[in-house]
Amino acid sequence: MGCPAMLLAIPYLLGAAQCVQLIENGGPGWLSLLVLLALWNVFKMLWIGPISLVLLLRARIRERRTAPLVESGSARPVP
């Protein structure tokens, strides 16, 4: 989930670059708000990748710890 989400940052970055070019060529100033919004989304998408990988690793470690207990029948799985 994280790596594909990180790839979504590319279109946002390209859109921000396009808006900056339009502003430099005499476009309306309100496009600056779109640049800020796009850059905000870029940072969000780039942040999702590493966080989701850390969460996935934590879940895998937890599964490995509880798997022997579940297989032996001494504990019930956590939902």
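Every heavy atom of this structure was used, including side-chain atoms; hydrogens, water molecules and symmetry mates were not. We number each residue from 1, following the sequence as shown.
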*Applying side-chain contact (heavy atoms from CB on, under 4.5 Å), name anything that partners Leu56, two or more places apart in sequence or on another chain.*
Arg60
*For Leu55, which fellow cluster members are found when Ile, Leu, Val, Met, Phe, Trp and Tyr are connected by side-chain heavy-atom distances below 4.5 angstrom, either directly or through intermediates?*
Trp47, Ile51
Pair up each side-chain donor or acceptor in residues 13-40 with any protein partner under 3.5 Å, not counting sequence neighbours, and list the distances.
residue: Asn25; atom: ND2; partner: Gln21; partner atom: O; Å: 3.2
residue: Ser32; atom: OG; partner: Gly29; partner atom: O; Å: 3.1

*What are the two closest heavy atoms between Met45 and Ala5, and how far apart are they?*
CB-O, 3.5 Å
